[in-house]
Amino acid sequence: MPIAYLPAERIFHLRSRDVSYVLKVLSSGLVAHLYFGPRLRSDSLTSLLSHFDKRHPADVNQADYAGELDILPQEYPSFGLSDFRSPAIEVRNSDGSSLVDLRYATHVITPGKPRLSGLPATYVEDTEEADTLELVLVDALTGLEVRLLYSAFRDHPAIARSVRIVNRSNAALRLERVLSSSLDFKLVGWDVVSLSGTWARERHYQRQNLASGSFSIESTRGASSHQQSPFLALLRPDTSEEHGPAYGFSLAYSGNFLAQATVDQFRTTRVLMGINPFDFSWLLEPGEQFQAPEVICVYSRDGLGALSRSFHDLYRSRLARGRYRDVERPILVNNWEATYFDFDADKIESIARAGAEAGIELFVLDDGWFGKRDRDNSSLGDWVVDSKKLPRGLRDLAERINRLGMKFGLWFEPEMVSPDSELYRAHPDWCLHVPNRHRTEMRNQLVLDVSRPEVRNHVVDAVCRVLESAPIAYVKWDMNRPLTEMGSAALPAERQREIAHRYVLGVYEMMERVTARFPEILFESCSGGGGRFDAGMIYYMPQAWTSDDMDPAERLKIQWGTSLVFPACSMGAHVCSSPNHTTARITPLETRAAVAMSGVFGYELDLTKLDVEERTTIKQQVARFKEIRRLVQFGDLYRLRSPFQTEEGAWSFVARDKSEAFVMYVSIRCEPNPPVTVLPLAGLDPAADYAIEGTDQRFGGDQLMYAGLAVPRLTGDLRSKTWRLRRVSPAR
Ligand code: DGJ
């Protein structure tokens with residue numbers, strides 16, 4: 001059992017692969033957090049309390065901490081007693097007070113891991129894979145029950161945490177804050193890593209030293225956002241890609257979130273994560289429950305690289321679901337940047353034909369196929385094919401594409417409505433709005449109030465009707481604006497601040513229904529590029545569009561940052577045209593492909609406009625990617641040179657059994673008369689020799705890792721080089 005309970009000391013020792021997580025019920029019933037880090041042998045760990053408490057160790061267990069909760073590392077801190085740090089929970093009680101006093105009531109340890117009702121979460125396929133501790137804390141006066149859930153994984157260095165609140169009283173309570181996890185760390189001096197950016201510049205790596213006070217990131221936009229990602233890592237100042245301790249916290253949630261790291265007066269660092277309390281309030285009637293989303297906490301003793309590989313393994317195999325989870329993803333061509341809204345069936349078929357000739361496997365018809373959508377100012381909500389552009393309908397087009405030997409995919413934006421649409425004219429109250437207030441349009445559209453079951457039913461029916469009407473093998477589920485005027489015509493005044501979370505629950509319910517009904521379809525989520533690229537989405541859709549920016553110089557950074565948490569098989573990565581539509585940068589086709597080959601590879605340009613040489617190159621690229629696809633999408637990623645610290649970017653994918661590797665290097669800016677660039681590789685078998693494809697060179701894995709690989713001179717900006725390595729001698 002990965003979870004041990006020591007009744008004498010009332011200690012719970014959760015053991016995941018290589019990791020221990022320890023908590024203790026004190027004599028007062030308060031629950032202290034004792035440890036999270038490399039695996040410990042002993043269960044008898046009460047002495048760890050003295051790391052926080054100066055009293056004689058013999059007295060520590062008897063202390064009730066009344067008046068001094070500020071020094072106690074707690075599992076689920078509240079406010080109103082003597083812990084003055086940010087709490088995990090805040091409640092308005094029926095008497096108007098906000099005091100919450102949680103004490104241990106009972107616990108249960110069960111094999112396996114329960115699903116979270118209505119929310120995405122990591123899962124197990126066999127009860128042997130994890131144990132779950134459910135720790136029940138109660139506020140005896142108000143009847144508030146807090147159930148802390150912890151799952152320890154046998155095969156992953158991860159602990160999944162979530163919280164369920166139950167109102168056991170006779171009066172309504174108002175939840176003002178229900179964070180999913182709180183963790184207090186003793187060691188002094190942490191760096192915090194976050195992933196920040198904006199549209200076309202998502203998830204840039206950002207690292208800074210934590211000093212006394214708070215560091216926090218959040219979203220208030222209704223989606224997890226382009227601006228901040230629901231992820232934080234804590235590193236020791238000398239932790240690097242390959243060395244040193246690293247903790248990662250990733251929230252499986254796609255809406256407003258808060259992630260915060262606070263260093264207090266005694267230099268304890270508290271990391272909090274969960275639904276953003278800002279503009280959140282939830283009325284909990286007697287007997288009702290509230291389930292908060294899951295935080296996945298991962299520990300690595302071997303740097304940020306190993307932390308990422310652990311997230312990749314877990315998310316690839318026990319967060320993503322469905323038929324495509326373990327399957328190599330089709331190479332696609334998407335018409336968005338090729339045509340925007342200006343296409344007809346013949347144009348689409350011509351692009352698809354060029355794609356088929358290159359060996360591309362899937363054609364994706366993007367925005368503009370429905371209603372009268374010749375611009376972005378109409379028809380969202382009217383999911384009926386545009387008979388001007390596609391007079392013979394979707395089935396005919398899909399079959400034409402199928403006859404070319406390609407599958408057919410389709411774009412939707414199900415959560416939105418255009419004011420100029422039949423749907424809006426029929427149901428003007430179906431969008432998020434506040435009565436008598438202006439409805440803010442962004443990209444000329446409004447957001448459907450999917451907290452309402454009738455709206456969800458309509459959307460699901462409309463999408464399913466289209467999916468049934470033609471042989472559709474792939475869906476891109478887009479979402480192109482943040483939420484404003486967050487109000488619902490269907491909720492009473494006292495529940496209006498529930499809307500942001502109810503919206504997310506509504507999206508999840510729709511995604512569950514549509515994906516369950518069409519298990520053969522590959523789904524990709526999207527939000528104006530990577531505005532909702534989070535662990536919540538990966539549960540429903542195994543891949544996501546990483547960014548609208550396909551310029552390889554930008555993508556190096558975006559994909560590097562995204563790879564901190566998410567595996568290559570989840571990252572949509574396409575070759576664009578040059579000059580790039582976002583940056584106007586001119587880049588070699590070879591480099592665009594080298595970078596895009598580190599994800600779910602595809603093209604997004606008008607293939608019919610390429611010359612013969614370019615078409616031949618694309619054919620070779622497609623063939624090349626088919627050879628390395630399994631390695632990239634299901635191998636181990638090693639980040640080798642950071643585009644955030646150098647004018648270069650490099651990473652590699654290494655097979656699990658170390659039998660092969662694919663290395664990608666880009667020189668972003670050419671330096672005149674430069675020294676020879678040497679790239680130390682990582683993750684190879686030091687005892688084996690590797691042959692470099694296309695050459696007669698062979699090197700020891702040790703040499704390639706410790707001395708490095710010499711990069712040939714590359715002249716010009718944004719030049720790239722890739723290598724394929726094959727093990728030629730067995731490990732000794
Ligand atoms: C935003 C997406 O990120 C793009 O790829 C494209 O699908 C457009 N929306 C279409 O409106």
Side-chain angles (χ1 to χ4, degrees), residues 197-203 221-227 229 254 332-343 348 351 362-383 386 389 408-418 420-421 441-448 463 466 472 474-483 507 522-534 537 541 543-551 554-555 558-559 562 570-577 580-583 592 596 599-606:
T198 182
W199 173 79
R201 201 155 32 80
E202 295 92 337
R203 287 173 299 286
R221 295 165 186 265
S224 48
S225 87
H226 297 88
Q227 286 72 14
S229 183
S254 310
L332 65 82
V333 54
N334 174 306
N335 72 305
W336 178 241
E337 288 207 354
T339 65
Y340 294 102
F341 296 103
D342 184 16
F343 60 82
I348 293 302
I351 297 175
L362 167 69
F363 177 86
V364 178
L365 180 59
D366 211 280
D367 196 353
W369 57 266
F370 51 94
K372 53 183 177 65
R373 194 160 163 89
D374 295 328
R375 283 178 48 204
D376 63 11
N377 62 353
S378 87
S379 306
L380 292 170
D382 298 343
W383 300 109
D386 177 347
K389 286 181 193 161
F408 177 73
L410 197 60
W411 178 98
F412 287 92
E413 195 174 0
E415 298 155 59
M416 298 291 153
V417 64
S418 306
D420 180 10
S421 66
E441 291 176 26
M442 296 170 89
R443 209 190 188 213
N444 304 304
Q445 63 198 55
L446 296 166
V447 183
L448 284 172
V463 170
V466 176
I472 293 168
Y474 161 106
V475 165
K476 178 175 174 186
W477 182 305
D478 204 349
M479 190 272 193
N480 279 306
R481 60 157 287 178
L483 276 49
V507 171
L522 170 62
F523 287 86
E524 175 160 336
S525 76
C526 173
S527 179
R532 203 166 57 179
F533 197 136
D534 55 58
M537 280 294 133
M541 309 195 166
Q543 57 192 58
W545 183 221
T546 313
S547 176
D548 278 346
D549 197 338
M550 291 173 272
D551 174 334
E554 304 305 320
R555 273 300 183 118
I558 295 167
Q559 292 176 202
T562 306
S570 68
M571 279 190 237
H574 302 170
V575 174
C576 58
S577 56
N580 174 269
H581 290 200
T582 310
T583 62
R592 279 175 270 150
V600 180
F601 186 56
Y603 290 82
E604 194 164 328
L605 72 175
D606 190 343

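Since we're looking at a predicted model, the values are computed, not measured. Remember, it's 1-based here, ligands and their atoms both numbered in the order they're listed.
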**OP:** Could I get the full list of side-chain contact (heavy atoms from CB on, under 4.5 Å) partners for His226, not counting sequence neighbours?
**Re:** Trp199, Glu202
**OP:** List, ordered by chain and residue number, the protein residues whose closest non-hydrogen atom lies under 4.0 Å from any atom of ligand 1.
**Re:** Trp336, Asp366, Asp367, Trp411, Arg443, Lys476, Asp478, Asn480, Cys526, Gly528, Gly529, Trp545, Asp548
Original post:
Between Asp420 and Lys372, is there a side-chain N and carboxylate O pair less than 4.0 Å apart?
Top reply: yes
**OP:** Take Asp478 and Arg443, measure what salt bridge (Lys or Arg N to Asp or Glu O under 4.0 Å) needs, and give me the verdict at the end.
**Re:** CA-CA 13 Å; Asp478 204 349; Arg443 209 190 188 213; 5.5 Å; no
Original post:
Going by distance alone, is a donor N or O of one side chain under 3.5 Å from an acceptor N or O of the other, for Asn335 and Asp366?
Top reply: no
Original post:
Can you tell me if CG on Asp342 sees more than 12 non-hydrogen neighbours from other groups inside 6.0 Å?
Top reply: no
**OP:** Find the distance between CZ (Arg201) and OG1 (Thr582) and round it off to the nearest 0.5 Å.
**Re:** 12.0 Å
